[in-house]
Amino acid sequence: MSARSILVQAPASTSNCGPGFDTLSIALSLYNFVRLIERNDTKICALEAAHEGTQQMIECAAGAFAAAAEVEAIGFDYEIWGDVPEARGLGSSSTIRAAIVAGLNKLHGDPLDLEAMIRLTTDLDNAPDNACAVFAGGFCIARTEPQTFAYREHVRFPLPESLVFVAVSPDYKVLTEKSRRVLPDTIPFKDVVRSANSLAFLVGVLVAGDFERLDGAVNDYIHQPYRELLNPYGHESIEAGCHAGAYTGWLSGSGSTVVCVTSEDKALAVAAAMEQVYAGNAVQSRAYRLLADNRGLTVTVES
Ligand SMILES: Nc1ncnc2c1ncn2[C@@H]1O[C@H](COP(=O)(O)OP(=O)(O)O)[C@@H](O)[C@H]1O
Ligand SMILES: N[C@@H](CCOP(=O)(O)O)C(=O)O
């Protein structure tokens with residue numbers, strides 16, 4: 001009998017969406033893939049040489065899964081490939097952690113439900129926003145506990161294909177862990193008020209589908225200003241995209257990617273303007289024209 005093999009496709013995500021720090025996220029049409037092949041021992045092995053950090057991340061996810069699902073740990077071989085750039089604020093680490101959790105869940109006969117898998121991935125990845133979008137797809141709002149920040153539940157809305165996300169990734173990496181260390185312990189009252197105002201309006205507009213009203217309406221004073229030094233030219237790139245016709249834009253997750261939200265007809269001009277800012281400063285970048293992924297992570301039993 002051939003070993004059981006599970007293939008997981010996990011979408012990238014753009015988190016925070018400006019002022020929705022650790023709360024808002026949109027799944028995008030850019031994917032990583034993880035294959036898990038069951039072994040008859042308890043080892044966890046990469047089929048192609050994996051970076052030490054990746055191996056650790058996977059072993060940690062597998063151990064946490066066994067504990068959360070209250071099952072015996074099993075061994076597996078794994079392969080990872082895909083298009084989500086690493087450490088660029090498009091949730092690459094969430095795609096891998098979520099895929100391991102979802103793949104093991106399938107191999108064990110689905111002991112965890114969707115919310116339990118999101119909770120576990122959040123515990124591992126520290127980003128409830130990304131975890132919701134990877135699993136559920138669409139535009140997600142993550143609710144967390146006010147005392148502990150532990151993940152509680154989410155609501156999600158599909159977004160239409162008419163809304164294009166132009167993501168521009170400069171060739172420098174920004175690790176989420178490092179990008180969280182630059183955040184302040186306290187924030188001035190007026191910055192909280194104006195961020196909360198923008199956040200509520202943004203959610204309303206995305207749910208209502210009245211996208212033109214995003215123009216100038218997405219403003220964050222909670223994390224983006226503090227992350228600017230780690231993300232040179234990001235702010236200017238977003239401004240250039242908006243000048244070229246995008247509705248709005250934000251730093252994607254913790255950076256370094258920046259995202260502008262636009263209608264289909266403006267997408268090319270927006271991408272060119274955003275890239276030009278990096279090129280003009282001798283920084284290479286790559287532009288992606290993406291749509292919302294309304295499906296979320298998929299799990300296929302191959303054998
Ligand atoms: N495709 C991948 N294969 C292996 N490890 C990955 C992959 N993508 C991300 N990682 C791991 O996640 C880390 C980046 O995570 P993080 O700083 O949270 O950035 P991101 O914003 O991309 O999620 C990488 O340094 C690496 O250890
Ligand atoms: N809310 C988190 C999101 C991190 O997303 P990533 O795509 O950069 O991993 C944060 O802003 O730290």
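Whatever order the structure lists ligands and atoms in, that order sets their numbers, starting from 1.
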Quiz item: Between Lys106 and Asp110, does at least one N-O distance fall below 4.0 Å, as a salt bridge requires?
Solution: yes
Quiz item: Between Ser13 and ligand 2, is there a nitrogen or oxygen pair with a distance under 3.5 Å?
Solution: no
Quiz item: Taking both backbone and side-chain atoms of Asp129, is any N or O found less than 3.5 Å from an N or O belonging to ligand 2?
Solution: yes
Self-check item: Heavy-atom closest pair, residues Leu291 and Leu163
Solution: CD2-O, 3.7 Å
Exercise. Indicate yes or no: does an N/O atom of Gly255 lie under 3.5 Å from an N/O atom of ligand 2?
Key: no
Quiz item: Looking at Tyr221, does the NZ or CZ of Arg194 lie under 6.0 angstrom from its six-membered ring centre and within 45 degrees of the ring axis?
Solution: yes
Exercise. Counting heavy atoms only, name the option from Thr14, Val84, Asn16 that's nearest to atom 11 (O) of ligand 2.
Key: Asn16
Quiz item: Got a sec, which pairs hit ring pair (Phe, Tyr, Trp, His ring centres under 6.0 Å) with one end in residues 32-51, sequence neighbours left out?
Solution: Phe33-Trp81
Quiz item: Which residues satisfy the ring-ring contact (aromatic ring centres under 6.0 Å, His included) test with His108, sequence neighbours excluded?
Solution: Phe65
Quiz item: Around atom CG of Asp113, are there more than 12 heavy atoms of other residues, nucleotides or ligands at under 6.0 Å?
Solution: yes
Quiz item: Which bit of Val174 gets closer than 4.0 Å to ligand 2, counting heavy atoms only: side chain, backbone, both or neither?
Solution: neither
Quiz item: Side-chain donor-acceptor pair under 3.5 Å between Gln284 and Tyr172, yes or no?
Solution: no
Self-check item: Short N or O distance, Ser15 and ligand 2, threshold 3.5 Å exclusive
Solution: no
Exercise. Any pair with a residue in residues 24-34 that passes side-chain hydrogen bond (donor to acceptor under 3.5 Å, both in side chains), sequence neighbours left out, goes on the list, sorted by first then second residue, please.
Key: Ser15-Ser25, Tyr31-Asp293, Asn32-Thr95
Self-check item: Asp83/Arg286 ion pair, N-O < 4.0 Å
Solution: no
Quiz prompt | Distance-only N or O hit between ligand 2 and His223, under 3.5 Å | solution = no
Quiz item: Is it the side chain, the backbone, both or neither of Gln224 that has a heavy atom closer than 4.0 Å to ligand 2?
Solution: neither
Self-check item: Glu302/Arg35 salt bridge by N-O under 4.0 Å criterion
Solution: yes
Quiz item: Taking heavy atoms and a distance under 4.0 Å, where does Asp125 meet ligand 2: side chain, backbone, both or neither?
Solution: neither
What are the atom names and distances for all N or O pairs under 3.5 Å between ligand 1 and the protein?
unit_1	atom_1	unit_2	atom_2	d
ligand 1	5 (N)	Thr54	OG1	3.0
ligand 1	8 (N)	Ser92	OG	3.2
ligand 1	17 (O)	Thr176	N	2.9
ligand 1	17 (O)	Thr176	OG1	3.3
ligand 1	18 (O)	Ser93	OG	2.9
ligand 1	18 (O)	Thr176	OG1	2.7
ligand 1	21 (O)	Gly89	N	3.1
ligand 1	22 (O)	Ala87	N	2.9
ligand 1	22 (O)	Ser92	N	3.3
ligand 1	22 (O)	Ser92	OG	2.5
ligand 1	23 (O)	Ser92	N	3.2
ligand 1	23 (O)	Ser93	N	3.1
ligand 1	23 (O)	Ser93	OG	3.0

Quiz prompt | Heteroatom proximity flag, Ser252 to ligand 2, N/O under 3.5 Å | solution = no
